[in-house]
Every structure is written in structure tokens, then in C-alpha cells.
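These notes are about the structure you will find just below.
Each chain gets a letter, A, B and so on, in the order its sequence line appears, and its residues count up from 1.
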Amino acid sequence: MAQPVPTPTLLLPEFYRRTDVLQVARDLLGMVLVSEWDGRRTAGRITETEAYRAPDDRACHAYANRRTPRTEVMFQDGGRAYIYLCYGIHHLFNVVTAPAGQAHAVLIRALEPLEGLEYMAERRNILGTSPKEKIRLTTGPGALSQALGLHRACSGQSLLLPGKGFWIEDRGLQVPGQDIASGPRIGVDYAGECAAWPWRFWERDSLYVSKTPRLKSL
DNA sequence: CAAACGATCGGCT
DNA sequence: GCCGATCGTTTGC
């Protein structure tokens, strides 16, 4: 595993506003997502992502460039959060990418916890500190959003203002290309052919990656 | 206005 | 491995 660098640097608009959302999804692996609410700071290293891309991707909420109040933020320029409620329970955190008009986003699916584990545990209602409980803190898109206090009320908020809610830093912990695995996205079986596209990326040897889905029966 | 449906999780068998 | 929880969003009548 890579060693930290002393000076964290904030990811800039040009990182997010690239037009290749698959590349952004890979490049986000190893970056550090930070949140700070009321002086309570939590941070985790990104270990798993999924790319979503309008207009051609049926699994994307903005498929065919359909605009709704919920998905409007995806059409804005990159460097914001798109957070929505899933199954009536879970808030799922996405990074909006690409220039305005292109509705691309990267779902953050798992983190390796780095800072504020006690706040994460409290928000997640996890009592112990065993290795298994540490994994449960931030593995899975709903879990990590809960651990970092990311709520759909913050959808649309900028990621470019460090110290204001949440942002993403480069601490020199990126995942080298040969350590990145890819495969189909989770939970998008309804999306026809797009369901098979290998647009999920994860750090191959990380403990902090969500379970692979059951193989679909033939 | 009604109804169907999730980019999931955790508890239980 | 299976199943139920739970509710905002979207679409259709």
C-alpha cells in the first residue's frame, strides 16, 4: 500500500471536468474523501467506484439526457455532489464529472477509513472496533454515506471548497493501473446490455471493497 | 392522484 | 443465501 504525502492537495475543477468518466472513475481510486460537519472530521480512501454516463447508458439516471428535478445536478459542470435516496433508506454519493451539459457521474461505492472512525461508528451504530467492524464502517455506497454524514439534502453542493462540508484530496495514495480491477456494475440488471459493461472499478487487493454480486443464473 | 420501483443493507435461516 | 424495510421520484391514468 502506498505511503502518504505530507501535503494533501484539493482536487481541482479540471480533474472533474474531463469528458472520459471511465478515466475519472479509475483516477478517483486512492483519492481521499473528507467530510467535516460541526468540527467532526471523517475521511476515507476511495477503494471502489462505478461510472454512469448519459445519454447512452441505460443504468444512468439521466439516460437519454432525460432531465428531472432530481437529476438536474448531473447536467451541471463537474465538481459537485449528486446524492439521492435509494430504496427509501440509503443516501448514495456520486461525484458529478464532465463539463456542463454532459450528465456523467461516478458513484463512490467503498472507502478505507482513515480519520474520525469514532464518528463513523456512531453514525453507523456500530459498537465494536474489530477488523470486521472497521470494514463495515465504509464498505458499500449506503454505508459510506452514512459514515460520513452525506445526505441528499447536500445534493448539488460543490466539492471545490475545502472545509465546507465535503471535498476530495490527493494524498499520493493513488492506485497504480496494474492494481485496478474492473467488472460489471452492481444492481443494474434492469439496464439491458449496459448491465454487462465493466464500469465498476476497485482496488484489487483492498479489504474495503463491497461484496461481488452473485453470478446471474443462466 | 395512484402506484411501481429502485446504483442497498442487515438480520435471519 | 434469502428476504423485508421504507419512501422519494417518476410515470401513467
Categorize A:L107 for me: base, sugar-phosphate, or nothing, with a 4.0 angstrom heavy-atom threshold over every strand shown.
base
Specify the separation, in whole Å, of atom CG of A:L137 and atom C1' of B:dG10.
15 Å
Any-strand Watson-Crick or G-U partner of C:dT6, both distances under 3.5 Å:
none
For C:dC7 and A:R152 - does any side-chain N or O of the residue sit under 4.0 Å from the phosphate oxygens OP1/OP2?
no
Mind calculating the distance between CZ (A:R67) and P (C:dT11) to the nearest angstrom?
14 Å
Whole-Å distance separating the CD atom of A:E72 from the C1' atom of C:dT10
15 Å
Do we get A:R204 above A:W202's six-membered ring, with its NZ or CZ under 6.0 Å from the centre and within 45° of the axis?
no
Which pair of heavy atoms, one from A:H91 and one from A:L150, lies closest together, and at what distance?
CB-O, 3.7 Å
Determine whether a donor-acceptor pair (N or O, by modelled atom type, separation under 3.5 Å) exists between the side chain of A:Q157 and the backbone of A:R80.
no
Would one find a side-chain N or O of A:R66 under 4.0 angstrom from OP1 or OP2 of C:dT10?
no
Between C:dT9, B:dG6, B:dA7, which nucleotide has the shortest distance from any of its atoms to the side chain of A:R70?
C:dT9
Assigned partner base of B:dA7, Watson-Crick or wobble definition, under 3.5 Å:
none
Without decimals, in angstroms, what is the distance between A:I89 CD1 and B:dC5 P?
17 Å
Spacing between A:L92 atom CG and C:dG8 atom P, to the nearest angstrom:
16 Å
Euclidean distance, atom CZ of residue A:F93 to atom C1' of B:dC9 [Å, nearest integer]
20 Å
A:A143 near the nucleic acid: base, sugar-phosphate alone, or nothing, with a heavy-atom cut-off under 4.0 Å?
sugar-phosphate
Check whether any side-chain nitrogen or oxygen of A:R124 sits under 4.0 Å from OP1 or OP2 of B:dG10, and answer yes or no.
yes
Nearest to the side chain of A:P141, heavy atoms from C-beta on, is which of B:dG10, C:dC7, B:dC9?
B:dC9
What's the CD1-C1' distance between A:I83 and B:dT8, to the nearest Å?
16 Å
With the side chain defined as heavy atoms from C-beta on, A:H90 is closest, among B:dC9, C:dT10, B:dA7, to B:dC9
Considering only heavy atoms from C-beta outward, does the side chain of A:V32 approach that of A:E115 to under 4.5 Å?
no
Identify whether NZ of Lys or CZ of Arg in A:R109 sits under 6.0 Å from the centre of the six-membered ring of A:F93 and within 45° of that ring's axis.
no
Within less than 4.0 Å of OP1 or OP2 of B:dG6, is there a side-chain N or O belonging to A:Y84?
no
Output yes if the stacking criterion (under 5.5 Å between centres, under 30° between planes) is met for A:Y190 over the base of B:dG6, else no.
no
Check the distance between B:dG11's C1' and A:Y87's OH and give it to me in whole angstrom.
17 Å
B:dA7 phosphate, OP1 or OP2: any side-chain N/O from A:H61 under 4.0 angstrom?
yes
Charged tip of A:R18 within 45° of A:Y16 ring normal and under 6.0 Å:
no
